Amino acid sequence: MTRPFPQGFLWGAATSAYQIEGQPLADGAGPSIWHRFTHTPGRIANGETGDLACDHYRRWEEDIAVMVELGLTAYRFSVAWGRVLPEGRGRVNQKGLDFYQRLVDRLLKHDIQPMVTLYHWDLPTALHDRGGWLNPDSPAWFAEYAQVLFRAMDDRVPRWITLNEPWVVTVPGYLDGEMAPGHRDPFEAPRVAHHLLLAHAEAVVAYRAMGRQQIGLAVNLEPQHPASDTPENQAAAVRRDAFINRWFLDPLFLGRYPAELACIFADAWPTWSDSDLARIHTAGTDFIGVNYYSRGLVQSVPGAWPLGAIRVTPTDARCTSMGWEIYPAGLTETLLWLTDRYGNLPLYLTENGAACDDPPPLDGQVSDLDRVDYLRTHLLAAHTAIEQGVNLRGYFFWSLLDNFEWAQGYAKRFGLIHVDPLTQARTLKASARCYREIIRTNGIV
Ligand code: IFM
């Protein structure tokens, strides 16, 4: 039996600038916090950097040819802020902007709709050195940068995403220090999150004045289940749900932060101004991008910082090579929860995918059967949500290419396309061929 997707459903793949482009300082670009972080000894597995990555900055035409071969109807990528504004504000670097304009034009020539993310974590160091996301001026900086891109490309870009996963910018970036800029400070994290929400709002307000298409926010979501039905584990799952799933969405849709956050952060939780919360709520969003990978199974552990809980993995679980449990039912649950809690607004799955220990290419084939299974089961889960009334409009596999997986370097491979680290040769994996067939038939058997 074939399960058909709605007419016009977008079939995409996603990437981000620092993870694939390489040449981060080419043509007058300014450095980002990720360039600085990867060049700080001890931060990244094997001391790897995004200096070459997938060399997409030079091989973008070849990569679009691969998208055409797959039959993609959409492609999500991010703009490196420092390529366009090397100092973060002010002077526009035309060569950097031109790179993205060429990319957009070529995608459109092949009927591939661009979805452009403005911020996928690579803040220019020039702004970081002025306080970065801790600076109350940062929302205005972001809106200025956004307007440069709206002016240049809104006539050709049907969907914009302001921020990718503000939770990851906040928690690994400012609370546990695993990601750039590597801070560990409970007093900083809530302020960063608040400025990110205001940055989204300022960009949306600017967009309403000048843009003609659609603008949204991409968040990482995972349903939180108690590891057993003890009251302690149940309460821990509720806290983790507030911390991961509701921290950004409640202010956006309900105009308030989840009450649990004040308890979690205690004296590090500021008092917020009503006008800020109203600004965030009123700006809203045209759609939500959902990045879904797994669920959280939560066990109460008094004293475990900051939640008094940890995430555990069931002993019999199948996991990806990131150690994330493979749990497709959680995708249906997440999409239904979003619709139920915040209303039936348009949703896109802006990321979904798996890092797997793929066998090496053999005779031009990569037999990544675990990824094939992940793709198929998650698309079936998405389809189930659509059948139950969820307004899901598109799917973007993470990722098009094997790429630079942040603190884990190149060892974790998420691509539909294998990238040889020495030759940069691209090889379609079995998952890419499977996805091509799903796209061709607009359905899954
Ligand atoms: O590679 C990342 C991406 O940059 C953001 N979402 C999760 C992916 C896998 O970890």
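Since this is a predicted model, take the numbers as computed values, not measurements. Atoms within each ligand, like the ligands themselves, are counted from 1 in listed order.
Checked against side chain to side chain donor-acceptor pair (under 3.5 Å), Tyr410 has no partners two or more places apart in sequence or in another chain. In this structure Arg371 satisfies the salt bridge (Lys or Arg N to Asp or Glu O under 4.0 Å) test together with Asp358, Asp368, sequence neighbours excluded. Arg191 is linked by a salt bridge (Lys or Arg N to Asp or Glu O under 4.0 Å) to nothing, counting only residues two or more places apart in sequence or in another chain.
Contact of the Arg76 side chain with the Thr15 side chain is not registered, since no non-hydrogen atoms from C-beta on lie closer than 4.5 Å.
The residues lining ligand 1, counting any heavy atom closer than 4.0 Å, are Gln19, His120, Trp121, Asn164, Glu165, Tyr293, Trp324, Glu351, Trp398, Glu405, Trp406, Phe414.
For the residue pair His378 and Tyr395, no side-chain donor N or O sits within less than 3.5 Å of a side-chain acceptor on the partner. Defined by atom type and a distance below 3.5 Å, a donor-acceptor pair is missing between the side-chain atoms of Trp160 and Asp286.
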